[in-house]
Structures are given as structure tokens and as C-alpha cells.
Amino acid sequence: MAVELCLLLLLFCGSTISEVQPIYKPPPGTLDFGFVPAKTYDTGAYHEPGAIGILFKIVHAFLYLVQPNTFPQDLIRKLAQQQFGNTQGDYQKPENVVLTLQAIYYEIGFIVSAALGLLFILLLPLVGLCFCMCRCCDNCGGEMHQRQKKNADCQRSCFATFLFVASLIISVGVLCAYAANQHLTNQVRGAKKLVNSNFKDLKIFLNDTPAQIDYLVNQYNTTKDKALSDLNNVGPVLGTRVQEQLGKEVRPALDAALTMAGAIRETKEALENVSVSVEVLQEGTERLHANLTDVKMHLSNTLNDSACNAAQAASTCNIIRNSLAQLNINANFSGLPGVSLQLARINDVLKIDLSSLVQKGYAAFNDTPDLVVNQTRNILSDIKSVLESIGSNITTFTRALPVQKILADLMVHLTQSEAYVQDYFPLVEQYDFYRWLGCLILCCMLVLILVFYYLGLLCGTCGYDKHASPTTRGCISNTGGNFLMAGVGFSFLFSWVLMIVVVLTFVTGGNVEKLVCEPFEDKNLFKVLDTPYLLNKHWKNYLAGIIFKNPNVNLTFEKVYSDCKENKGIYTSLHLEHLFNINELLNISMYTEDVALKIEHIQINLSKIILLDEIGKENLLNFSSSGIDGIDFSAYLTEINKSVTKVDLLSFANDLEARADQLPKGALENALKGHANNIRMIHNQQVVPLEQAMSTLNQSIRLLKRTSSELMVKVKNVISAVNAAQDLINNNASQVIVQETKKYMDTIIGYFEQYTEWVKESISMEVAACKPIANVIDTAVDIFLCSYIADSVNTFWFGLGGSSMFLIPAIIFAVKLSKYYRRMDTEDVYDDSSVSGTWHFTL
């Protein structure tokens, strides 16, 4: 009944929780539900025997020698399922005979060992009785006469050594038996703490379950809050998603229009630069031409001086005179066409601020989230109401389940069981004291025998005088021999009692170890219990029949134990889905159908968004027809690519100065150097500004050339892109809105899916983790039955049995040795006067 209540409790736990929480789901974003509260269990279902564990391993090895066969699963199943009647004929059936023979074959080691023990029990007292009667008739060493032998000292030493070794072995056996006896008592005394720890864990198991359920239920608020947060931010969430999808075409179109507006301004600046640069170049080249003409005239007059006729200067003067033709302008800007018409048209285009119009389009498109908020306000309030009602339904359903009542009933049963254990534990300790006392008495029997043997060896060895005759041996030696015979007598009296205890504990403890403890450790015992129709001939699965009243459910002892050992939730361990399927309860459609319907009714109208009006488009067309593509760019580039003068004036001036240095010192030289300086001044003051103006003209002309290239096509492409984006907003935005609304709905629904998946995972792995149940089984079987009782009992009979077996050689050696220690009544005396080799008895 208690088991059924426990299972029902955890079933209801599953039902309560299943309505509540999710696990994570990446697409909508992971929700953090934290960790299900769980306390740590105190019980460590593991026993470390300590130093005596070595003895336990030795006993296990001995039992393996006695019984090396593997656990007989099939045999036990057949024996359990076989019907043995009360009539003799049932046992004579062939199948029953076969099973009996198989059982005997498996137990042959125990049977042979037990048979030897029974022979020991029967024969040793009988042999002792016969031995006593024989000695009373002065036979079997009972005659107080010792014949003299040459090797008497050697025999005495050997008998003493063998007896001492046998006594040591018996002593070791007694110590093993005593240690096992004391170990069992110590463990029984300390078992109360382990029992209390198991009860404490079970109470934690029951007390924590409601808190875990409440935690799962309360975590619905995390889901609801996240959903409400997204709903409150429907503009940034849904509006932004719609905006991002439309923006893939809208933003490039507006960017192209804005780029074209910038190109118009750049075109105006370039035209202005061309107009100014051409005017500067025309005026500058005229002034430069006049100055260069004047320089040539003055140089020519200087070269006509009589000093140039001298032989040393004639050649130099002629060279200079021949180079004067190079002092002339090279580029002619007077014939370049003007750009005033194009500049006037561009100025007309710029009267309309195209950039401002494009920015208005940006602003209108960026207001998409606000439009979404304004147009979904009523629907969002309905969705919030649905979310609140779901939370209320979960709380109502949770409170309607009788979880607390079931937990309270289980707690009552647990408390009663704990009280029962606490009440009877002193009785257990009392009976264990009687057991301990009985085992101690058995050990004392052997100790008494050992005391006689050790005293006999001590007195006999210390009191023995090899020079004394058998009839004149000392009192100490004689006492030693008497102690040895006393030990022999007590050996015959006690050995059969000891062997009875050994046989009984051997058969019981050995079979418990081989048939319970070892198969429990490797789980073969569970496989036997899980055999179909074994525990109940009408049930395929016994555990499922008890819990679910449905023996066809695949629920096994082994799987339940393994899952609880791994601290899984009891819902998973006991397969409670057959009583309560949380997958059906956590069907997401039952929670999200209303939410989905509300979200699907969201209608958003974006027709108010105007990206670029007709004025802006007309402005772009006016720019394309401004005429900048009609400028004669080749004429400009031809003159721009020329140098200002035919010769570099700086080079000419330097060369002129070098020529002057070749002339004799005088007025001619100085005059030529003055002309050179004048040429440098002309270069710095007139040529350099002209070159700068030409550079500006070059940049502006090339910019205009690039801008005018296929200008009409470019403008039409921009207008087409804007029109396509506008058409997308006006005509196809509804499809985008539907797609993004569905994604938005999936995001909201995804939070519930995360919650339900998290609840399923938590129920399966964390809620009502059944580690305490596995600990109770381990404590009862592995620790109490096997580690405490079976190992201790097996070690006890191992030590006691070994000591009892070595009593036989000890009896033999003690009887033989006592003859050398006791004072004899007669002895053999050799008479020298008589015939050689004749011995006489002396009384």
C-alpha cells in the first residue's frame, strides 16, 4: 500500500508540474529557469570494512573454491515456477527429479563440505569415547610405561613443534572468529545512525517534492514575463523585424537617391571650379606671355653687346641666343568652351533640397515600429489576457491535485515505520548481545583448549630433564603432560559443538553470499525477479502489476533500481507515463492556440510611408538633363595635359646662370645672371599659380566626366529602385508582415515550448529524485545483510571451522607428546650383568 501511495504521489507530482515549465529552445532565445531546488542526501550507501576486509576477501576466495559455479538464474526460475505437491509422486516426476539433480550439482561444494562437517560431528565424539575407554584399559597410551628409544629426543621435539604450530593455527582461527564476532556487534551498534540517515533522506525526499513542484509552477512566470515583455515591445520586436525585411530593398534605394543628391552638389562645385579655373588660366597665360616676351627682348639686347664678340664669349652667347625661342607659353586656354549654361541648370536643380526629401523618406520608413505599436494595441491586450488566464488555470489545476494529502499520508507511514524501528532497535541490540555472548563462549572453548596446550608445552619444555628417567621426571614436566591430556579431553568434549555451529553458519552464510550478495552486486538477482510470471503466475511484469495494475507494462526491478541509483526522477524510474502522460498534458497547442489565433489577426498598414515624392523624382530627372554630358572634356584634358611653358623656366634660369659663369668677369656676366633671376621670379609668381589652377581644373573636369558618364541611366536606375521599394511597401508589405508576424508568433510560442520541455526534463531527471530509494535497498541488502551480517558470519565460521579442524592433529600430537612429559610408573632398565641386549622392567 505504501509503495502504491508513493508512486501515486510522484505521479501527481508529474501532473502538477507538467503544466508549468519549459526547457530552453534556441530559436526564440534561451530562457533561464534556474535550477530545481534539491537538497543533498546524507546517506552514503557504501561500506568500507577496514582492516578486516582482508579476511572478508579470503573468505570470498574460499567460497569461490567451494562454489565456483555462476549464479544459476535459469535453475532458480525453474525451481520458483515448478509446482511441488505434497504427494510422493510429485517429487518423482522427471522434470522435478532433473531440477533436484541440477540443484544438487550446483550445491555440490556446500553439500560435500557439510557432509564432512557432519562426519566430524558424529565421529569425533565417538572416537573420543573409544579413546577414553581404551586408555582406561591401559591401551592407546594409557599404560604408564615408556619404552626407551634412541630417537626419543627427536620424536619429542617433533611432536612439540607440530603441536605448537597447530596451536598457532588454531589461535589465528580464534582471532578471526573473535574479530568477525566483534565486527558484527560494532556494526549493529552503529547501524542506528545509518538507519536514521536513510529515514532522514526519505523525509527530505517527501518534503522537497512539494517545493520542487511549486518551483516548476512558479517558473511559468518567467515564460509569461518574457512573452509580455516581447508583447510590450511589439514595435522594437515585430516592427523592427518587418523593417529589417523591407529594408533589404528600401534602404539601398534611399541610399542611392541620397548619393545622387550628393553628386548634384559635387557637380555644382566642380562646375564652379572649372569656370573660375579657366578664367584664371586665361588671364594668367596672357600676362605670362607678355612677361616672357619682355625677357626675350632684354636678353637679346644684352647678347648684342660688344662683349659677346670676344673670342671667349662668342660661342656661349650664340648658344644662349639660339635658346631664346623656348621662352614662350605652351598651353592655350583662350579657346576652351564655357560651362556657365550647365552651372545655371544645376543651380536650378539645387533650388529643391533633394537630400531633405530623401531624409523624410528615411524618417517615414524608420517609423515602422511606431506604426506597428499603434495598430496592434487592441490585439495585444487580448493576448495578455490569454496569458494571464493560462497562469490562473495552471495554478487552479495544481491546487486541485491531492499532492499534499498523498505526501502527508506517506509521511505518516514513514514516521510510523521510523518509530517502529526506533522501538525495536534496543531489542535487536539485546539479541545481538546474546549472539555475541554465545559466539564469545564458543571462542572461549577453543581458548581453554589452547591454554591447556600452551601450558603443557611451556611446563613440559621448561621442566623436562633429559637426564631424568621416566619414573623420576619432575613435577613441572609431569604437570605439562597433564595439561596436554586435559586439552585433549576438552577437545573431544567441545569440538563437535563447535562443528555444529560451523556447519550451520557455513551452509547459511555461504549460500547467502553466493545466492544473494554476489547476484545483487552484478544485478543478476534483479534479472531473476524480473522473470515473467515468476512472482505471480498471472502477471508478466510483477512490479508493473503492483503499481499500474497492468502487468504488460515493461517495468523491471533492475531498471528501477539502476535509475534510482543514478538519482533520476521517480517519474522516469517508475515509468509513470503509463499512469499520467505529461506529454499529453504538455501538448503546447492547448496553451498556445488562443495566443496564435490572436497574433494571426494582427493587421499592419504601411501605405502611409512615402520614400520619395514626385518632386524629388523630377529633380533627379532635371539633374540628368542639365547638359554636363555635353561638355567638351577632350578639349579641356588636351590643354590640361600640356605644360604652362615650352621649357621649364627654373631649368632655363639655372642653365643661363651656368653659361654666365663661363664668361669672363664683367658686366655681361652680371647682366645674364640678372636675367636668370628675373626668369626665376616669373616662374614663382606666375607659373606656379597657373599650375595649381590647372590641377584644380584637371580634378573638376575628371569628376564631371565621371558623373556625366551614363548619367541618364544612373538616374533612371535610382528612380526605378525607389519606385520598386515603394511598390513593395504599398503592395507586397502585407506578405512580409504575415511572414514576420508568424516568426514573431513562433518566438512567443517558443517560450512556452521551452517551458514545457524544461518541465518534462525536470520531471524526468530532477523532481523527486529517487536516490533515497536505491539507498534504502543498498542499505538493507548490500550493507546490512551482506557487508554486516553475511561477511561477519562467514568470517566467523571460517575462523572457527579452521580451528576445529586443526584440533584433530593437535589431539594426536598432544597425546604423543604427553608421554614424554608425564611421570611413568615403570621404565625399561638395561642390566649390564645379564645377557647382552636384555632389558628389565623396574617398578
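- Between Phe205 and Cys770, the shortest heavy-atom distance links the atoms CE1-CA, 4.0 Å.
- Within a 6.0 Å sphere centred on CD of Gln359, heavy atoms belonging to other residues, nucleotides or ligands number more than 12.
- Just one of Gln187, Lys57, His60 meets the side-chain hydrogen bond (donor to acceptor under 3.5 Å, both in side chains) condition when paired with Asp791; it is His60.
- The side-chain heavy atoms of Phe520 and Ile777, taken from C-beta on, include a pair separated by under 4.5 Å.
- For NZ of Lys200, the number of neighbouring non-hydrogen atoms (other residues, nucleotides, ligands) closer than 6.0 Å is 12 at most.
- Between Asn198 atom CG and Thr779 atom OG1 the span is 3.5 Å, to the nearest 0.5 Å.
- Considering only heavy atoms from C-beta on, Trp539 comes within 4.5 Å of Ile546 through its side chain.
- Between atom CG of residue Leu194 and atom CZ of residue Phe784 there is a gap of 4.5 Å, rounded to the nearest 0.5 Å.
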- Output, in order, the C-alpha distance, side-chain angles, deciding distance and verdict of side chain to side chain contact (heavy atoms under 4.5 Å, CB included) for Val421 and Phe199. CA-CA 10 Å; Val421 171; Phe199 277 114; 3.9 Å; yes

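- Considering only heavy atoms from C-beta on, Ile76 comes within 4.5 Å of Phe71 through its side chain.
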- Task: Just do the side chain to side chain donor-acceptor pair (under 3.5 Å) check on Asp778 and Tyr561 with the steps written out, would you?
- Result: CA-CA 10 Å; Asp778 288 340; Tyr561 174 77; 2.4 Å; yes

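- The backbone N or O of Met765 sits nowhere less than 3.5 Å from a side-chain atom of Lys568 that would complete a donor-acceptor pair.
- If you take NZ on Lys192 and CZ on Phe425, they are separated by 7.0 Å, rounding to the nearest 0.5 Å.
- Residues His183 and Ser787 come closest through the heavy atom pair CE1-O, 4.2 Å.
- Looking only at side-chain heavy atoms (C-beta outward), Glu521 and Cys786 stay at 4.5 Å or farther from each other.
- Asn541 places no side-chain N or O within donor-acceptor distance of the main-chain N or O of Leu543, the cut-off being under 3.5 Å.
- Atom OG1 of Thr209 sits about 11.0 Å away from atom CG of Asp214, to the nearest 0.5 Å.
- Atoms CG and CZ, from Asn221 and Phe33 in turn, are 11.0 Å apart once rounded to the nearest 0.5 Å.
- Heavy-atom minimum distance, Leu555 versus Ser573: CD1-O, 3.7 Å.
- Checking side-chain atoms of Thr415 against main-chain N and O of Met411 turns up a donor-acceptor pair under 3.5 Å.
- Annotation: Tyr542, atom OH; neighbour count of heavy atoms from other residues, nucleotides and ligands within 6.0 Å does not exceed 12.
- Judged by distance alone, the side chains of Asn524 and Glu518 never bring a donor and an acceptor atom under 3.5 Å apart.
- To the nearest 0.5 Å, atom OG1 of residue Thr556 and atom CG of residue Leu529 are 10.5 Å apart.
- Of all heavy-atom pairs spanning Ile789 and Leu184, the tightest one is CA-CD1, 4.0 Å.
- For the pair Phe56 and Ser792, the tightest heavy-atom approach, listed with the atom from each and the gap, is CE2-N, 4.1 Å.
- For the pair Gln212 (side chain) and Ala768 (backbone), a donor-acceptor distance under 3.5 Å is present.
- Without hydrogens or angle criteria, Thr531 side chain to Val528 main chain gives a donor-acceptor distance under 3.5 Å.
- When every heavy atom of Thr222 is checked against every heavy atom of Asp32, the shortest pair comes out as CG2-O, 3.9 Å.
- The pair Lys203-Glu418 counts as a salt bridge, with a side-chain nitrogen and a carboxylate oxygen less than 4.0 angstrom apart.
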